[in-house]
Every structure is written in structure tokens, then in C-alpha cells.
Amino acid sequence: MSEAQYELKIDLILDAPRDKLFRCWTEPQLIKQWFAPKPWTIASAEMDVRPGGASLVVMRSPEGQEFPNPGLFLDVVKNEKIVMTDGLTKDYRPAGAPFMVAEVLFEDAGGGKTRYIARAMHWTAEALEQHKQMGFHEGWTATARQLEALAKTL
């Protein structure tokens with residue numbers, strides 16, 4: 001199995017500095033403004049941004065249905081990297097059937113821009129295919145552009 005066999009990835013240059021993008025990723029009031037592809041919204045966000053810290057982001061559909069997404073931060077390097085999973089929750093408790101590990105990298109691209117790499121690494125081919133069918137590339141690209149727009153206002 002190759003390292004990227006079950007991986008989906010976006011790799012973009014965002015017109016915002018990485019410290020502002022990182023803030024948007026790690027401050028609950030900011031993540032609520034961009035994390036779901038419109039017309040979806042974020043109903044609530046709780047985040048303990050540190051290795052071993054728990055998160056709970058609740059997405060809301062346009063019809064008002066809520067989808068809680070609990071997870072755990074595995075690695076956090078300020079302004080550089082965030083790694084998290086839905087496979088574990090608070091106190092490293094198994095979360096049921098794990099879906100993915102997400103890794104987000106922020107690399108200085110010069111001129112106040114950031115190379116933004118976001119990977120979703122899945123345990124199985126089935127989970128990867130499900131994520132593709134959910135619109136991974138379209139959704140994660142749309143939210144990255146929403147992230148970029150918000151970061152430019154900070």
C-alpha cells in the first residue's frame with residue numbers, strides 16, 4: 001500500500017498570511033464563520049487546540065438538521081500544522097468507526113500568501129470513496145476559499 005493510497009488532498013495558494021489562516025482554524029468564533037460549505041453553517045464549535053485536546057464542531061444543513069463532529073487534535077504547531085482525527089474523542093476514547101485523520105499545513109508562499117495543503121487520510125478504500133462521493137474536493141476547496149476571505153478581514 002502506498003502512503004497516499006487512501007488520501008484525498010487539496011493544495012492551494014491562499015491570499016492571506018498563515019498566522020491569520022491558523023487563527024481562523026483554531027478560534028471557535030472564527031471557525032464558525034467559514035468551516036462549512038455554504039449554504040451549510042456551523043451551529044457551534046468547541047476546541048481545545050493542543051495535542052490531545054478535544055473538539056466538537058456541529059454542522060447544520062440548510063434544512064436545520066445538525067451533525068456533530070467530535071474529534072481530537074493529534075498534533076498542533078502554531079502557524080504551521082494541525083493534525084486531527086474523528087477516530088478518537090476526549091481522553092483518547094475511541095469514537096466508534098473512524099473515518100479519517102486530517103492534516104492541514106500552512107507554508108509561507110511569500111507576499112503575504114500561504115500554500116495551504118489539506119489532506120484527508122482514510123482507513124479504508126470504502127471511506128475514501130464515500131468522502132469523494134460526499135464532494136470532498138468541491139467542499140474542501142469551497143471552505144478553503146471561505147477561510148481565505150475571512151482571514152483577509154483580520
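Side chains are part of it too, since the values below use all heavy atoms of this structure and drop only hydrogens, waters and symmetry mates.
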### Message
Please tell me whether Ile10 and Leu8 are part of a single hydrophobic cluster in this structure, the criterion being side-chain heavy atoms less than 4.5 Å apart.
### Response
yes
Review point. Please walk me through it: do Gln130 and Glu126 pass side chain to side chain donor-acceptor pair (under 3.5 Å)?
Key: CA-CA 6 Å; Gln130 178 187 1; Glu126 293 78 17; over 6 Å; no
Quick note, salt bridge (charged side-chain N to carboxylate O under 4.0 Å, His left out) partners involving residues 95-104, not counting sequence neighbours, are Glu103-Arg119
Under a side-chain separation threshold of 4.5 Å, the hydrophobic residues clustered together with Val58 are Leu56
Smallest heavy-atom separation, Ala120 atom then Met100 atom, equals CB-SD, 3.6 Å
Do you reckon Val76 sits in the same ILVMFWY cluster as Val104, going by side-chain contacts under 4.5 Å, direct or chained?
yes
Heavy atoms of Pro37 and Met59 approach each other most closely as CD-CE, 4.2 Å
One should read off an interatomic distance between Tyr6 OH and His122 NE2, to the nearest 0.5 angstrom, of 12.0 Å
Here the pair of heavy atoms bringing Lys20 nearest to Ala151 is CD-O, 3.5 Å
Rounded to the nearest 0.5 angstrom, the CH2-CE distance for Trp140 and Met134 is 10.0 Å
inquiry  = Check whether Thr114 reaches the backbone of Tyr116 with its side chain - one donor and one acceptor, N or O, closer than 3.5 Å.
reply    = no
Glu148 and Ala16 have their tightest heavy-atom pair at O-CB, 4.3 Å
Given the rule that I, L, V, M, F, W and Y join up when any side-chain heavy atoms are under 4.5 Å apart, are Leu105 and Val49 in one cluster?
-> no
Please assess Trp34 against Thr143 for the test side chain to side chain contact (heavy atoms under 4.5 Å, CB included), listing each intermediate value before the final yes or no.
-> CA-CA 6 Å; Trp34 70 268; Thr143 58; 4.1 Å; yes
Any donor-acceptor N/O pair, Asp19 side chain to Asn79 backbone, under 3.5 Å
no
Could you check whether any side-chain heavy atom of Leu14 comes within less than 4.5 Å of a side-chain heavy atom of Arg145, counting everything from C-beta outward? yes
Interatomic distance, CZ@Phe22 vs CD@Glu80, rounded to 0.5 Å, equals 9.0 Å
Q) Considering only heavy atoms from C-beta outward, does the side chain of Ile42 approach that of Pro28 to under 4.5 Å? A) no
Please confirm whether the backbone N or O of Val83 pairs with a side-chain atom of Asp75, one donor and one acceptor, at under 3.5 Å?
no
Here the gap from Leu150 atom CG to Gln33 atom CD, rounded to the nearest 0.5 Å, amounts to 5.0 Å
Treating Trp123 as the side-chain partner and Pro98 as the backbone partner, does any N or O pair qualify as donor plus acceptor under 3.5 Å? no
Met47, Met84: one ILVMFWY side-chain cluster at the under-4.5 Å cut-off?
-> yes
In this structure, CG of Leu30 is separated from CH2 of Trp25 (nearest 0.5 Å) by 13.0 Å
Check: If only atom types and distance count, is the side chain of Ser55 paired as donor or acceptor with the main-chain N or O of Pro70 below 3.5 Å?
Finding: no
Practice problem: Compute the centroid of each ring, for Phe67 and then for Trp40, and state whether the two points are separated by less than 6.0 Å. | Solution: yes
Side-chain contact, heavy-atom cut-off 4.5 Å: Leu147 with Leu21?
yes
Here the gap from Phe136 atom CZ to Thr141 atom OG1, rounded to the nearest 0.5 Å, amounts to 7.5 Å
On a heavy-atom basis, the closest approach of Gly52 and Leu72 is O-CD1, 3.3 Å
Q) If you group Ile, Leu, Val, Met, Phe, Trp and Tyr by side-chain heavy-atom gaps below 4.5 Å, do Ile117 and Val77 land in one group? A) no
Q.
Under 4.0 Å between a side-chain nitrogen and a carboxylate oxygen: does that hold for Arg115 and Asp11?
A. yes
**OP:** Could you tell me whether the side chain of Phe73 reaches within less than 4.5 Å of the side chain of Asp48, counting heavy atoms only?
**Re:** no
